[in-house]
Amino acid sequence: MFETVREDLRSTLDEIRAAGLHKPERVIGTPQNAAVAVTSGGAAGEVLNFCANNYLGLADHPEVVAAAKDALDRWGYGMASVRFICGTQEVHKELEARLSAFLGQEDTILYSSCFDANGGVFETLLGAEDAVISDALNHASIIDGIRLSKARRFRYANRDMAELEARLKEATEGGARRKLIVTDGVFSMDGYVAPLAEICDLADRYDAMVMVDDSHAVGFVGPGGRGTPELHGVMDRVDIITGTLGKALGGASGGYVAARAEIVELLRQRSRPYLFSNSLAPVIAAASLKVLDLLESAGDLREQLAANTALFRTKMTEAGFEVLPGDHAIAPVMIGDAAEAAKMAELLLERGVYVIGFSYPVVPMGAARIRVQLSAAHSTADVERAVAAFIDARAALGTAGV
């Protein structure tokens with residue numbers, strides 16, 4: 001039987017490659033940092049990394065590494081259990097309490113990833129008599145999570161408040177018992193920030209709850225790094241915050257839901273990804289606590305990240321590149337054609353800059369781009385070198401429109 005399937009799969013893979021949509025994996029032989037050594041999948045040697053979610057440069061911070069080593073001695077390697085059986089240690093409860101305090105929420109529940117966190121919310125909270133209203137550019141994990149629920153599904157164009165209100169009216173007139181607005185805090189492919197103040201105003205008007213996936217914001221967006229609710233002054237008006245420990249907060253893995261106490265308690269009782277997945281490794285929980293300690297005095301890191309971001313965006317725009325507007329550390333350089341984006345990424349790697357071309361189905365067809373991500377670990381010289389490499393790679397590609 002599989003021989004027939006094998007040919008079908010090979011045909012599909014050939015089509016992916018022919019369309020320039022194949023996504024090879026490069027292998028790194030060093031810890032994650034501003035500079036990494038690529039050992040396969042491209043030009044070998046040390047290159048500048050401009051595509052990691054390591055926004056604050058904490059993935060290889062010596063204090064975080066030391067905390068992880070200490071945690072191995074104290075807490076062991078793994079729990080070999082889910083939380084409600086024998087998979088809850090003191091370090092898990094401490095991290096949940098610290099995240100709650102940091103994010104201004106009543107309680108927090110840990111997951112193996114933010115993908116699992118988003119996958120576990122909607123089915124638990126919403127039934128067939130309820131409605132979920134989702135931004136069109138929300139992360140795939142939100143889309144998949146919504147699919148698992150029986151709630152009525154509404155979608156509004158990215159950050160379009162008039163269309164959001166229309167969908168809220170439609171849900172209300174349709175007799176929805178509960179209404180949940182869900183949005184990314186920062187949209188990962190564009191770097192756009194959701195207008196949370198306006199969203200919360202509409203939620204108040206139509207008696208809806210608000211959920212924000214703030215994975216690309218917590219740690220460095222907002223005056224204290226508490227994310228987009230802090231940036232917009234609505235920390236007390238957002239009902240559910242989902243996020244990850246795998247980006248600015250150390251870059252390992254793990255996710256969470258920080259929310260109203262009753263929501264978190266129901267998730268502990270009914271959320272399937274929580275109930276049926278192993279506990280977060282204690283070493284990650286302990287290292288994440290150290291990250292939260294560091295965030296209390298991370299103002300200089302946030303300032304460095306902001307300066308790097310502004311420098312890159314300004315220099316690239318002056319050089320004639322199309323960079324999507326904004327001031328977030330995600331700075332998408334628009335290419336358009338998928339094959340050209342992939343070739344551009346290869347040329348940049350040859351010039352010592354590690355970036356990735358993003359194409360369909362990660363982004364819309366014809367909207368391929370190189371998503372540059374700045375880090376506090378980058379120096380000014382690193383940023384200027386990256387810009388110079390883009391200019392040189394564009395000349396080598398021979399595409400004036402890029």
Side-chain angles (χ1 to χ4, degrees), residues 23 25-26 28 30-34 36 49-61 63-65 67-68 71 77-79 83 91-92 95-96 98-99 102-103 108-121 138-142 144-145 184-189 191 212-221 225-228 240-258 273-274 277-295 298 301-302 305 328-330 354 356 358 362 371 373-377:
K23 299 167 182 62
E25 295 181 355
R26 297 169 180 167
I28 295 173
T30 60
Q32 183 65 274
N33 210 316
V36 296
N49 191 350
F50 276 88
C51 59
N53 298 313
N54 189 25
Y55 295 111
L56 294 175
L58 299 179
D60 193 36
H61 192 285
E63 291 187 42
V64 177
V65 173
Y77 172 64
M79 293 309 301
R83 287 285 297 271
V91 69
H92 295 102
L95 178 56
E96 288 172 339
R98 287 286 301 280
L99 284 169
F102 182 70
L103 297 171
T108 297
I109 177 173
L110 295 173
Y111 285 82
S112 299
S113 67
C114 188
F115 203 108
D116 277 345
N118 286 334
V121 169
N138 278 342
H139 190 267
S141 58
I142 292 175
D144 286 358
D184 282 358
V186 175
F187 296 91
S188 61
M189 287 298 115
V212 179
D213 178 338
D214 225 19
S215 293
H216 285 276
V218 170
F220 63 99
V221 171
R226 291 172 172 81
T228 55
I240 303 170
I241 298 171
T242 64
T244 182
L245 305 173
K247 292 182 172 59
L249 304 188
S253 63
Y256 56 83
V257 176
Y274 178 79
S277 294
N278 256 21
S279 300
L280 184 71
V283 63
I284 295 176
S288 298
L289 285 167
K290 174 54 66 176
V291 168
L292 291 173
D293 290 341
L294 293 172
L295 289 184
L301 294 177
R302 289 190 285 272
L305 176 59
H328 192 272
I330 293 172
Y354 186 164
I356 293 293
F358 284 80
V362 181
R371 184 185 69 174
Q373 291 170 277
L374 286 301
S375 170

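Computed from a predicted model, the values in this text were never measured in an experiment.
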Can you check whether [Y]'s main-chain N or O pairs, donor with acceptor, with [X]'s side chain at less than 3.5 Å?
X	Y	answer
Asn49	Val36	no
Glu96	Leu110	yes
Ser113	Gly255	no
His92	Ser279	no

For residues [X] and [Y], report the shortest heavy-atom separation together with the two atoms involved.
X	Y	value
Ala377	Ala34	O-CB, 3.6 Å
Asp116	Ser277	OD2-OG, 4.1 Å
Ala217	Val186	CB-CG2, 4.0 Å
Gly219	Ala248	CA-CB, 4.4 Å
Ala67	Lys290	CB-CB, 3.7 Å
Val283	Ala71	CA-CB, 3.9 Å

Residue that, paired with Ser215, satisfies side-chain contact (heavy atoms from CB on, under 4.5 Å) out of Thr244, Asn53, Ile241 |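 Of Thr244, Asn53, Ile241, side-chain contact (heavy atoms from CB on, under 4.5 Å) with Ser215 is met by Thr244 alone.
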
Gap between atom [atom2] of [Y] and atom [atom1] of [X] - 0.5 Å precision:
X	Y	atom1	atom2	value
Ser375	Asn54	OG	CG	4.5 Å
Leu56	Leu295	CG	CG	6.5 Å
Thr242	Asp184	OG1	CG	8.0 Å
Arg83	Leu280	CZ	CG	8.5 Å

Within a strict 4.5 Å, meaning less than it, do heavy atoms of the [X] and [Y] side chains meet?
X	Y	result
Leu374	Leu305	yes
Ile240	Val212	no
Ile356	Arg371	no
Ile109	Tyr256	no
Val257	Val121	yes
Leu294	Leu58	yes
Pro273	Tyr111	yes
Asp293	Leu289	no

Of all residues at least two apart in sequence or in a different chain, which pass the ring-ring contact (aromatic ring centres under 6.0 Å, His included) check with Phe50?
->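 For Phe50, the residues satisfying ring-ring contact (aromatic ring centres under 6.0 Å, His included) (neighbours in sequence not counted) are His378.
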
Under the ring-ring contact (aromatic ring centres under 6.0 Å, His included) rule, collect the residues that match up with Phe220, sequence neighbours excluded.
->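 So Phe220 forms a ring-ring contact (aromatic ring centres under 6.0 Å, His included) with Tyr55, His328.
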
Between Ile284 and Leu245, does a side chain to side chain contact (heavy atoms under 4.5 Å, CB included) hold up when you go through it step by step?
-> CA-CA 9 Å; Ile284 295 176; Leu245 305 173; 4.3 Å; yes

Go through the steps for Thr228 and Asp214 under the test side-chain hydrogen bond (donor to acceptor under 3.5 Å, both in side chains), then give the verdict.
-> CA-CA 7 Å; Thr228 55; Asp214 225 19; 2.7 Å; yes

Tell me, with the steps shown, if His139 and Phe115 meet side chain to side chain contact (heavy atoms under 4.5 Å, CB included).
-> CA-CA 9 Å; His139 190 267; Phe115 203 108; 4.3 Å; yes

Without hydrogens or angle criteria, can the side chains of Asp213 and Asn138 be said to hold a donor-acceptor pair below 3.5 Å?
->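 Side chains of Asp213 and Asn138: no pair found under 3.5 Å.
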
Tell me, with the steps shown, if Ile330 and Gln373 meet side chain to side chain contact (heavy atoms under 4.5 Å, CB included).
-> CA-CA 5 Å; Ile330 293 172; Gln373 291 170 277; 4.2 Å; yes

Can you list the steps and then say if Leu95 with Leu292 is a side chain to side chain contact (heavy atoms under 4.5 Å, CB included)?
-> CA-CA 9 Å; Leu95 178 56; Leu292 291 173; 3.9 Å; yes

